[in-house]
Amino acid sequence: MPPGSRKVAITGVALADCGRVDDTTPYALHAQAARRALADAGLDRSLVDGLASAGTGTLAPVEIAEYLGLRPTWVDSTSVGGSTWEVMAAHAADAIAAGHANAVLLVYGSTARADIKAGRRTGTLSFGARGPLQFEVPYGHTLIAKYAMAARRHMIEHGTTIEQLASVAVQARANAALNPEAMFRDPITVDDVLAGPMIADPFTKLHCCIRSDGGAAVLLVAEEYVRDCRTAPVWVLGTGEYVSHVSMSEWPDFTVSPAAVSGRLAFERAGVRPEEVELAEIYDAFTYMTLVTLEDLGFCAKGEGGSFVDKGRLLVEGGDLPVNTDGGGLSAQHPGMRGLFLLVEAARQLRGEAGARQVRRRDGSAPGLAVASGTGGWFCSSGTVVLGR
């Protein structure tokens, strides 16, 4: 088969234990997720010749490979925040297509919540104060403040309302209510969101993602391995990645996220249009991320995100474009760099294995096309993956 011509499929996906997990380690969560993903695919770990991991230890993914008993000949430790896993999936797909690897495991685990509860770290873990960050950190310019400033800019320029942003959280919780694995499932209203304690204007508590423990794993394989798997393949149709800025002063437009570029590239390479997509899994550390990413992926025009999300379109039940069908980082789980969870949920939906939250076409069949788009830092980077069955 000529180099670069192999098709690539996701054949194994799994979550480790998520939510409140007080009696384990990040390494154990990596191993749990990896075992479950391999079992899901029905493949032996001896076939895994590629490993991608980030966020744990000094020499990730070397430490993770050792812990899992793997000796990969292809590795990736790209770390660009929440978009890490979509970017890694793009790299893995390219490597498999080129014949540099046959089966690549993406794996993540974190005890972010448990570590704070036990006093092993603080809730305001610093990104550092060297390099470009030295010009912002001394002034208390926190990560959440950066997102809040961007949201306020969108409100000023496009008339987006705080109620429209709140509706994103309300719809995420409604989707989480259908997910037995979600950390928070009780319904909330727009008034509940608005009445919460202020975190960073205009964000109250429920505009912000939850903090949890958890892990996830995704196995990508070359097309010739698909026949040996127990699951139906979910094909990687197109990917895109982009980095925008790290200093807020170098961000040309607070109302445009890097998904505007990564999404365009992914859709072009997949040969599909946004209007063909049947569900979207979008990084949602804050409500504004969902709204602006929907605009930048092309699901609505720039400035129309508020009216788009305000009509219940994001709901599994009755929504035109179900978004974050598991409840997302706002309600399901958020153990840190959550991008891998987007790929897990998208694959489960395309395979028709999402239970009560399953998105269905009018004829009852599972959807055929999904997009997962991760965002890293404070809109610093983006990775987008288009998937189909």
task: Using the side chain to side chain donor-acceptor pair (under 3.5 Å) rule, pick out the option among E86, H334, R338 that qualifies with Y283.
output: H334
task: Evaluate side-chain contact (heavy atoms from CB on, under 4.5 Å) for I162 paired with L165, printing each intermediate quantity in order.
output: CA-CA 5 Å; I162 192 63; L165 288 171; 4.2 Å; yes
query: Ion pair present between R348 and E181, side-chain N to carboxylate O less than 4.0 angstrom?
result: yes
- request: Assign the ring pair Y67 / Y27 to parallel, tilted or perpendicular, where the plane angle (0 to 90°) is split at 30° and 60°.
  value: tilted
salt_bridge(R71, E66) N-O dist < 4.0 Å: no
task: Run the salt-bridge test on R6 and E223 with the 4.0 Å N-O cut-off and return the result as yes or no.
output: no
task: Report the C-alpha distance between F308 and F299 in whole Å, list the side-chain angles of each, state the deciding distance to 0.1 Å, and finish with yes or no for ring pair (Phe, Tyr, Trp, His ring centres under 6.0 Å).
output: CA-CA 9 Å; F308 184 87; F299 292 114; 7.2 Å; no
- request: Evaluate the side-chain proximity of V193 to I188: yes if any heavy-atom separation is below 4.5 Å, no if none is.
  value: yes
query: Does the side chain of L279 come within less than 4.5 Å of V316's, by heavy atoms?
result: no
task: Evaluate the side-chain contact (heavy atoms from CB on, under 4.5 Å) criterion for residues L194 and L206: first the C-alpha distance (whole Å), next the side-chain angles of each, then the deciding distance (0.1 Å), finally the verdict.
output: CA-CA 8 Å; L194 301 184; L206 291 175; over 6 Å; no
- line: Value for CZ (R153) from OG1 (T160), rounded to nearest 0.5 Å, stands at 11.5 Å
Nearest heavy-atom neighbours spanning S262 and T384: OG-OG1, 2.8 Å
query: Would L219 and V13 satisfy side-chain contact (heavy atoms from CB on, under 4.5 Å), going step by step from the backbone distance to the final call?
result: CA-CA 6 Å; L219 181 68; V13 297; over 6 Å; no
- request: Can you see which heavy atom on V323 is nearest to which on T290, and at what distance?
  value: CG1-CG2, 4.1 Å
statement: Output for pair (E136 CD, Q134 CD), nearest 0.5 Å, gives 10.5 Å
- request: Among Ile, Leu, Val, Met, Phe, Trp and Tyr joined by side-chain contacts under 4.5 Å, find the other residues sharing a cluster with L59 and list them by chain and number.
  value: V62
message: Is there a side-chain contact between F341 and L15 in this structure, where contact means two heavy atoms from C-beta onward sitting under 4.5 Å apart?
response: yes
field: V221 and N102, any side-chain heavy atoms less than 4.5 Å apart
entry: no
message: Do L143 and F379 sit in one hydrophobic cluster, given that two such residues count as connected whenever their side-chain heavy atoms are within less than 4.5 Å of each other, even indirectly?
response: yes
- prompt: Should S365 and D363 be marked as a side chain to side chain donor-acceptor pair (under 3.5 Å) after you check the CA-CA gap, both sets of side-chain angles, and the distance that decides it?
  reply: CA-CA 6 Å; S365 62; D363 63 3; 2.6 Å; yes
task: Kindly give the heavy-atom pair with the smallest separation between L68 and A31, and that separation in Å.
output: CD2-CA, 3.5 Å
message: Whether D40 and R351 form a salt bridge (side-chain N of Lys/Arg under 4.0 Å from carboxylate O of Asp/Glu) is what I want to check.
response: yes
message: Using a 3.5 Å distance criterion without hydrogens, assess whether the side chain of T111 forms a donor-acceptor pair with backbone atoms of A114.
response: no
Pairwise distance CD1(I199) to CZ(F286) - rounded to 0.5 angstrom: 9.5 Å
query: Backbone N or O of S212 within a donor-acceptor pair of the Q333 side chain at under 3.5 Å?
result: no
- prompt: Just by distance, do the side chain of D310 and the backbone of S307 share a donor-acceptor pair under 3.5 Å?
  reply: no
message: Tell me whether the NZ or CZ atom of R20 lies within the 45° cone about the ring axis of F184 and under 6.0 Å from its centre.
response: yes
- request: Examine I10 and V371 and state if one hydrophobic cluster contains both, with Ile, Leu, Val, Met, Phe, Trp and Tyr joined whenever side-chain heavy atoms are less than 4.5 Å apart.
  value: no
message: Is the distance from the ring center of Y288 to that of Y147 below 6.0 Å?
response: no
field: Step-by-step side chain to side chain donor-acceptor pair (under 3.5 Å) determination, S381 to S83
entry: CA-CA 7 Å; S381 63; S83 62; 2.7 Å; yes
message: Determine whether W85 and M337 satisfy the following criterion, side-chain contact (heavy atoms from CB on, under 4.5 Å), listing intermediate values before the conclusion.
response: CA-CA 8 Å; W85 307 102; M337 298 188 296; 3.8 Å; yes
- request: Identify whether L330 and V292 are in the same connected component of the hydrophobic contact network (ILVMFWY, side-chain heavy atoms under 4.5 Å).
  value: yes
message: Determine whether a donor-acceptor pair (N or O, by modelled atom type, separation under 3.5 Å) exists between the side chain of K302 and the backbone of T255.
response: yes
- prompt: When hydrophobic residues are tied together by side-chain contacts of less than 4.5 Å, even through go-betweens, does M289 share a cluster with F254?
  reply: yes
- line: Minimal heavy-atom distance between L105 and L70, with the atoms involved, is CD2-CD1, 4.4 Å
- prompt: Among the clusters formed by ILVMFWY side chains lying less than 4.5 Å apart, do V234 and V272 turn up in the same one?
  reply: no
- prompt: Hey, does the side chain of S244 reach the backbone of P258 with a donor-acceptor pair shorter than 3.5 angstrom?
  reply: no
- prompt: After noting the C-alpha distance and the side-chain angles of T293 and D296, does the key distance pass the side chain to side chain donor-acceptor pair (under 3.5 Å) rule?
  reply: CA-CA 5 Å; T293 303; D296 292 335; 5.9 Å; no
field: With sequence neighbours excluded, residues passing ring-ring contact (aromatic ring centres under 6.0 Å, His included) with H158
entry: H154
SG-CG distance between C300 and L294, expressed to the nearest 0.5 angstrom: 6.0 Å
task: State whether D22 and R113 are salt-bridged, where the test is any N-O pair (Lys NZ or Arg NE/NH1/NH2 against Asp/Glu carboxylate O) under 4.0 Å.
output: yes
query: Among E317, E281, E345, which one satisfies salt bridge (Lys or Arg N to Asp or Glu O under 4.0 Å) with R357?
result: E345
